Amino acid sequence: MKREYVNIALPKGRLGQKVYRAFEEAGYAAPGVMEETRQLLFENEEKGVCFFWVKASDVAIYVERGAADIGVVGKDILLETGANVYELLDMQLGACRMMVAAPEGFRDNTEQTLKVATSFPNIARRYYHQKSRDIDIIRLNGSIELAPLLGLADVIVDLVETGNTLKANGLEPREEIVSVSARLIANKASFKFKSDSIRAITEALSENLRDTILK
Ligand code: PRP
């Protein structure tokens with residue numbers, strides 16, 4: 001890893017491709033980033049940036065530990081991990097909502113502990129704690145919508161974008177916990193020592209975002 005470069009962690013997957021396009025439109029591109037290759041680091045010497053792809057849920061760890069100076073990650077992951085990083089910009093990509101959803105017609109019996117299936121145990125715990133509701137968290141890594149269907153949980157806490165997955169599984173959105181989108185984050189020390197470069201990138205992304213919205 002080159003120290004003089006700004007190292008940028010991009011989240012793998014569909015969101016990551018949109019995120020990289022935003023960097024490209026803002027004038028920060030590097031050859032090969034979007035190609036299938038065994039190469040792992042993609043540099044643009046002139047711009048002084050070096051991109052790499054990591055699992056979306058790992059971006060905050062790379063940035064918090066300084067392996068990446070900046071990165072892009074969903075607000076859901078920031079809230080869940082409580083990563084100690086600066087949040088520089090709402091990229092307004094990947095917009096969705098963290099919601100409580102339940103089987104159609106479900107009525108919460110407050111005399112009983114509520115069984116909540118989720119991959120976001122900290123977000124769910126905080127939300128129900130604030131409502132003083134006793135819950136039992138069932139932590140799953142995917143296909144959360146299955147849990148109420150099979151009697152594993154009463155409700156779920158999960159991301160909802162179109163609502164199609166809920167509908168297809170006989171579930172309905174009940175309560176919105178927080179709205180979520182992709183955020184540009186920075187390592188705290190990097191933000192101090194590479195301040196000019198990081199500010200320039202943030203400004204360029206922000207301007208590009210304004211232009212996109214005005215189009
Ligand atoms: C996410 C989320 C929901 C779904 C919501 O899952 O966990 O299942 O998208 O989208 P919708 O409201 O547009 O239907 P993802 O596809 O990321 O996979 P996952 O099951 O591994 O979480």
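Quantities reported herein were computed from a predicted structural model and do not represent experimental measurements. Note: hydrogens, waters and symmetry copies are ignored here, and every other heavy atom, side chains too, is used. Order of appearance sets the numbers: ligands from 1, and atoms from 1 within every ligand.
Looking at E175 and R97, no side-chain N of the basic residue comes within less than 4.0 Å of a carboxylate O on the acidic one, giving no salt bridge. Ion pairing between a basic and an acidic side chain is recognised when a charged N comes within 4.0 Å of a carboxylate O; R133 and D108 show such pairing.
By the definition of a contact as any protein heavy atom under 4.0 Å away, atom 10 (O) of ligand 1 is in contact. The presence of a protein heavy atom under 4.0 Å from atom 15 (P) of ligand 1 is ruled out. Of the protein's heavy atoms, none falls inside 4.0 Å of atom 18 (O) of ligand 1.
In terms of polar-atom proximity, E145 is counted as a contact of ligand 1, with an N or O under 3.5 Å from an N or O of the ligand. Looking at G163 next to ligand 1, an N or O pair under 3.5 Å apart turns up.
With no hydrogens or angles considered, a side-chain donor-acceptor pair links R183 and S181 at under 3.5 Å. No side-chain N or O of Y5 forms a donor-acceptor pair with one of E45 less than 3.5 Å apart. Side-chain atoms of E80 and N122 form a donor-acceptor pair, as typed in the model, at a separation below 3.5 Å.
Every atom of ligand 1 with a heavy atom of V160 under 4.0 Å away is listed here by number and element: 12 (O).
Residue contacts with ligand 1, taken as heavy atom pairs separated by less than 4.0 Å, involve S143 solely via the backbone atoms N, CA, C and O.
The protein heavy-atom contact nearest to atom 7 (O) of ligand 1 is D158 OD2, 2.8 Å. The protein atom (non-hydrogen) at minimum distance from atom 1 (C) of ligand 1 is L159 O, 4.6 Å. In this structure, atom 13 (O) of ligand 1 lies nearest to the protein heavy atom T162 OG1, 2.5 Å. Of all protein heavy atoms, the one closest to atom 22 (O) of ligand 1 is G142 CA, 4.5 Å. For atom 4 (C) of ligand 1, the closest heavy atom belonging to the protein is T165 OG1, 3.7 Å.
Ring pair Y20/F51 is perpendicular by interplanar angle, where above 60° counts as perpendicular and below 30° as parallel.
Of all the heavy atoms in L78 and V85, the pair that sits closest is CD2-CG2, 4.1 Å.
Under the 4.5 Å side-chain criterion, counting only non-hydrogen atoms from C-beta, V59 is not in contact with V72.
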